[in-house]
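Structure first, then comments.
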Amino acid sequence: MSEPTTESLNFIEEIVEDWMGKNPGEHIITRFPPEPNGYLHIGHASSICLNFGLTNKYGGYTNLRFDDTNPTTEETEYVESIKNDIKWLGFDWKNEYYASDYFNNLYEFAKILIQKGLAYVDDSSSETIAQLKGTPTKPGENSPFRERAIAENLDLFERMKLGEFPDGTRVLRAKIDMSNPNMIMRDPILYRIKKAHHHRTGDDWCIYPMYDFAHGQSDSIEKITHSICTMEFIPHRELYDWCIENLEIFPSKQYEFARRNLNYTITSKRKLLQLVNEGHVSGWDDPRMPTISGMRRRGYTAAAIRNFCDKIGIAKRDNIVDMALLEFCVREDLNKSTDRLMAVLDPIKVVITNYPEGKTEQLAIENNPEDENSGSRAIPFSNTLYIESEDFMEEAPKKYFRLTLGGYVRLKGAYIIKCDEIVKKSDGSIDYLKCSYAENSKSGQDTSGIAVKGTIHWVSVPHAVQAEVRLYDRLLSVPDPSEFPEQDFKDFINPNSLVTLKNVPVEPAMANIQPGTVVQFMRKGYFCCDLDTKDGQLVFNRTATLKGDMPKF
RNA sequence: UGGCUGAUGGUGUAACGGUAGCACAAGUGAUUUUGGUUCAUUCAGUUAAGGUUCGAAUCCUUAUCGGCCAACCA
């Protein structure tokens, strides 16, 4: 009965479907190639969903390959975090590989190029090499070492490997074209000397291949059919193809898409590392970070992140995705799955004068109205309660639906109360509210006939449990710091990105929540029980507020 | 001033020569024991100018505006 809807494909899917049409019976192979020099962030999530999503959809498989060709910045800690994050996101790789697995192959490839007269050892300093490289508008000049004999190149390269020369004294370069309009092709450096300890190969090597001499060949060795990367690698594709062609190896193909940007945050590993190192955040997994581990700690779910990546799509144009869409995906998922509990973030006390002193009633309340299988729980009610201070106004405008002096309001799951008197301190601030309740207004069996405009949450004072609550907000105070290139992005860190509340009264059921669990604090937002929770000291992170602004009065 | 790449509502993304659609955001209304959810509804777009065509977001030309490229980083 439904219309035959033709699913719309992104341009990468079109390329894949086209490939499959031309290669019947074969399957695609993709790879996710992180450099282990930082934690994965939301931009990587997009790439992960793309690469793994493609092979989930079309068959074939995806490898995880660490691009570990620079020993000075790469660490095992990052390898572990990356694997953990990918698994948490819900994806499985076929093979776990490392570019460093291929150091021998790459070394042999280099010798092949030398023998073909397509690579040479250059003794120039890095300054000289930069100088002779020219500029985008000015062609480069040949290195004086460019015409070295093949045998001499072979010998020198061998001795570079043997460790005979200090760091930075020699490099191996491809012999291509110093006047190529694409600067990447102006005799790119293939190997450099770095007497550094590698996280996997230890001290086996003192020469390491550059990205351009490792990535394409690694793809080729793994027979990657579709090597998907971001737009800034477009100029590198010419060199990618050049290496594969001259080495006569499996012709992997590179395709580029535009990296996804999110407003009010940054996704630059360099800048993220700066935030961590300089202590602007508590670590890579600080809930304000756009890292996968940060979002996880904040309470975002893997399903929400996957859905977000699906919704923002894949294209080639520059983009800054609205954070509101990510939050929408988070709320959409959490709304269906989280239990509703009560916590009073900014409490004022209410005494119900006509409710027996010392009496406790257990009231039944449903856990999640969006999930009929979620059941219900009992919450204790007494004559002394906390309510949210913003839920009371002495004199209120017409549109104010909550408690006012002389007005009525419903306590969620309990009774209707009326505020009879405000008891003030000597400084004029509110000490507590004297209220009366309607005994026949009990939730679910209300015969009072009192019409109330609003329902508010509450916690019984004698039964309350204390918690620390961390209110997180957007990391930056401007949507796009790149609009201010003269300024340091750290100047834009939102000073209110974290507000910590101590001794927040929460209902007793909260004490049984396990770290990592997300619940909704009724009317206040979604909150995730933090890993710092221990020995009965509860800590909650605000994952997201509820949608819409409560009108401010 | 070189090369590469891109341009569709506020944001993101479709439409592949034939009705510019979807989602988010924003607004309005209904429902609601969460000012949540849900439902209904409104606002709002093809960078510009030419050309080809019965017909152009789509093809061609020119212009304009963005992004990337001069690490022994990836």
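Note: hydrogens, waters and symmetry copies are ignored here, and every other heavy atom, side chains too, is used. Everything numeric in this text was worked out from a predicted model, so none of it was measured. A, B, ... follow the sequence lines: proteins, then strands. Residue 1 opens every chain.
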Please report the distance separating the [atom1] of [N] from the corresponding atom of [M], rounded so that it comes out in whole Å.
| N | M | atom1 | value |
| --- | --- | --- | --- |
| G9(B) | C43(B) | C1' | 10 Å |
| G45(B) | A14(B) | C1' | 13 Å |
| U37(B) | A23(B) | P | 16 Å |

Look up atom OG in Ser143(A) and atom CZ in Arg146(A), then write down how far apart they are to the nearest 0.5 Å.
8.5 Å
Do any N or O atoms from the side chain of Arg306(A) and from the backbone of Thr301(A) form a donor-acceptor pair under 3.5 angstrom?
no
Asp187(A) (side chain) donor-acceptor with Ile176(A) (main chain) under 3.5 angstrom
yes
Heavy-atom protein contacts under 4.0 Å, nucleotides 1-7 of chain B, coded B base, S sugar-phosphate only, - none
BBSSSSS
When every nucleotide of nucleotides 23-41 of chain B is labelled 5' to 3' by its protein contacts under 4.0 Å (heavy atoms), B for base, S for sugar-phosphate only, - for none, what sequence of letters results?
SSSS------BBBBS----
C73(B) phosphate, OP1 or OP2: any side-chain N/O from Lys194(A) under 4.0 angstrom?
yes
Within the pair Arg270(A) and A71(B), is there a side-chain N or O less than 4.0 Å away from OP1 or OP2?
no
Hey, which sits more toward the 5' end of RNA chain B by its nearest nucleotide, Asn319(A) or Asp123(A)?
Asn319(A)
Does the distance from a Lys or Arg side-chain N to an Asp or Glu carboxylate O, for [X] and [Y], drop under 4.0 Å?
| X | Y | value |
| --- | --- | --- |
| Lys195(A) | Asp167(A) | no |
| Glu232(A) | Arg259(A) | yes |
| Arg31(A) | Glu222(A) | no |

Parallel, tilted or perpendicular, judged at 30° and 60°: which one describes the rings of [X] and [Y]?
| X | Y | result |
| --- | --- | --- |
| Phe103(A) | Tyr208(A) | perpendicular |
| Phe157(A) | Tyr191(A) | perpendicular |
| Phe381(A) | Trp458(A) | perpendicular |

Quick one: does NZ or CZ of Arg65(A) land under 6.0 Å from the six-membered ring centre of Tyr97(A), within 45 degrees of the ring axis?
no
Relative to Tyr39(A), does Lys269(A) satisfy both conditions: NZ or CZ under 6.0 angstrom from the six-membered ring centre, and within 45 degrees of the ring's axis?
no
Expected list for residues 30-38 of chain A near RNA chain B, using heavy atoms below 4.0 Å, is Glu35(A)
For RNA chain B, find the residues of residues 66-76 of chain A with a heavy-atom distance under 4.0 Å and give them by number; none if there aren't any.
Asp67(A), Thr69(A), Asn70(A)
Separation of A74(B) C1' from Arg259(A) CZ (nearest whole Å)
10 Å
With Asp391(A) as partner, the option from Lys524(A), Arg523(A), Lys412(A), Arg410(A) fulfilling salt bridge (charged side-chain N to carboxylate O under 4.0 Å, His left out) is Arg523(A)
Please classify the glycosidic conformation of A44(B) as syn (within 90° of 0) or anti (everything else).
anti
Based on Watson-Crick and G-U pairs with both distances under 3.5 Å, what dot-bracket line describes RNA chain B 5' to 3', crossing pairs as [ ] and inter-strand pairs as |?
.((((((..((((....[..)))).(((((.......)))))....(((((..]....))))))))))).....
Listed by chain and number, what are the side chain to side chain contact (heavy atoms under 4.5 Å, CB included) partners of Pro290(A), not counting sequence neighbours?
Ile42(A), Thr265(A), Thr267(A), Leu272(A)
For Gly134(A) versus Arg186(A), what's the shortest heavy-atom pair and its separation?
C-NH2, 3.8 Å
